[in-house]
**Q** 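Provided herewith is a single structure, encoded as C-alpha cells, for subsequent inquiry.
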Amino acid sequence: MRLDVRLPVAIAIVIVSASCAFAQSHPYPATEVRDIYTRFLAQIEKIPIFDHHAHPGFPDDPDVDAMAAPPGSSPLRERDTNPELVAAAKALFSYPYDDLSPDHARWLVTKKAELKTQQGTAYFSNLLDKLNIEQSVANRAMMADYLDPKRFVWVFFADSFMWPFDNKHETARNVDEGVYIPLQEKMLHRWMEQEHLKQLPASFDDYLKFITQVLEDNQKNKGAIAMKFEVAYFRSIRFGDPTRQQAEAVYKRYVAGGVAAEEEYRSFQDYIFRYLVRESGRLHLPVHIHTAVGIGDYFSISEGNVMNLENILRDPRYSDTVFILIHGGYPLEREAIWLAAAKNIYLDSSLMEVVMYPAAFKDSLRQWLETFPDKITFGSDAFPYNNALGAEESYWLGVQTARMGLAGALAEMVAAGEVTDSKALEMAHRYLHDTAASLYPGKVH
Ligand SMILES: [Zn+2]
C-alpha cells in the first residue's frame, strides 16, 4: 500500500521538475551545457548547408570579384600565421606539416594543382561534399566554367551602373579607390558588351532600359539568383531620394563627357540605386548588400554603417524587394538584427564567423537566435586570398566556426531553459539551410 502511495508522488516530482525546466528561463546554464554542445555539434555536422555568400574560385581567376583586395591590416585570425589554417589544410588535403612555412606551403600549392588537373570541374564540387555544403552562392563578376551550376548559383555585382561618367575625381580620392573605380568601369563595359552596346545610350530612358536588360538577361539566361552591392567600398550607403528629373539632368550633362561635382554624382547614384532596388522587387531578384567593416585602410566604417540603410529598408515602396544584409552589419550585428523585424529583410553571418573566433561568434549568433531566428542565414565568405589560403581553406574555416558557434549558442539556450531540444535543432536547420533556400523558390534546393 505504501508503495502505491509513494509512486505517484515520485512521478509527480519528476513531471513538476521537467516542466519547470521550460516554464521559466534562467540566467545560469545547467552544468551539462558542454554535453548538450557535443551532442548538438554531431547533429549539426549532418545538416546539409546552403552557403548564402561565398566567392569560389582559383587565386589566378580575376572574375572572383568585381574589385581587388588592397593591402591593409588584417585582423589576427585572418593573418597567415593563424594555426587554424594548418588544421584546414590537414582536414582537406591531408597536409603532412605543422606549419605553413614557404617550403611547406609549396607542398600544398602543388597538391591543389594536381587535384585540379585530375578532377577538373568536379574539384570545387568535391570540396563542397567534404564540408557537407549542398549548394553555395558564387558571388563573382562572371561565372566560371569550372564551377558546376548544379552546386554553385551565381550572384552578380550591380554597383557599376552607378559609375557611368568620367571618374577622375572618384579615382583620385585615395589609393584604394584608384584600384576599385577603374574595375567598376571595366564591369560596366562588360555589361555593355553583353548587351551589344558600343557606347552609353544618349537618353536616360535608354540607360535605365539597358540596366533592366542586364538584370533580366542575367536572371533568365545566365542563372543569376540575386544581385550584390559592395557599394560601401566606394561611397556612403546613405541614399537620398532625388527625383527622376534630377537624375536625368545629371545624366544628360555628363554622359558625353565632363567631370560631375561630387554632389551631382551622388544624387545620380542615389536614383540608380533606388531604381535597382525597385527592379529587384519586380523581378524577384533579391538584393545582397555588403554591410560591415571592409578591407583596406581607407574603408569608411561610419559611412558604411548598416544603419545608414534604414531609410531604404523601411521604405514601403520597396516592400517587395528581399534584402540580405551580407555580413550582418558587423560589428553592429546586435543592432542589425532589429532591422530584420521587417518581413523582407534577412541577415547573413558571413565574414563574422571568420573575423570572430567561435567563442565570440557564439554570443552574437545566440542574440540573433533569441531575436529573429527565422531571419538569419549562413554564409562563409570563402575567397581565394592566395595560393596557400584559398577559397578551400576559407570555406572550411567558415563552416567549422559556424557549426561550433551554432552548437554552443543552442546548447546554452537549451540549458538556460529558453528552447527545447527539438526547437533548437529546427533553428539549426533554418540557419544553415532552409531560410536562405526559401528565398529562391525553384532555383535552389
Ligand atoms: Zn564577400
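All ligand and atom numbering here is 1-based and tracks the order in the structure. By convention here, the first residue in the shown sequence is residue 1.
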**Q** For residues 83-93, pull every pair meeting salt bridge (charged side-chain N to carboxylate O under 4.0 Å, His left out), keeping only residues two or more places apart or in separate chains.
**A**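 Residue pairs with at least one partner in residues 83-93: R77-E84, K90-D98.
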**Q** Around the Zn ion (ligand 1), list the protein N/O/S atoms within a radius below 2.8 Å, excluding water molecules.
**A**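 Less than 2.8 Å away from the Zn ion (ligand 1) sit H53 NE2, H55 NE2, D381 OD1.
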**Q** Could you tell me whether F229 and H288 have their ring centroids closer than 6.0 angstrom?
**A**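 No: the rings miss the under 6.0 Å criterion.
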**Q** Cation over ring, K116 on Y123, under 6.0 Å and within 45°?
**A**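 No, K116 does not sit over the ring of Y123.
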**Q** Once the angle between the rings of F124 and F152 is folded into 0 to 90°, is it parallel (under 30°), tilted (30 to 60°) or perpendicular (over 60°)?
**A**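 Rings of F124 and F152: perpendicular, as their planes differ by over 60°.
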**Q** Listing request: all side chain to side chain donor-acceptor pair (under 3.5 Å) pairs with a residue in residues 153-162, at least two apart in sequence or in separate chains.
**A**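 For residues 153-162, and leaving out neighbouring residues, the side chain to side chain donor-acceptor pair (under 3.5 Å) pairs sorted by first residue read S160-W191.
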**Q** Side chain to side chain donor-acceptor pair (under 3.5 Å): which pairs involve residues 133-144, sequence neighbours left out?
**A**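 Those involving residues 133-144 are D61-R140, E134-H433, S136-Y395, N139-K228.
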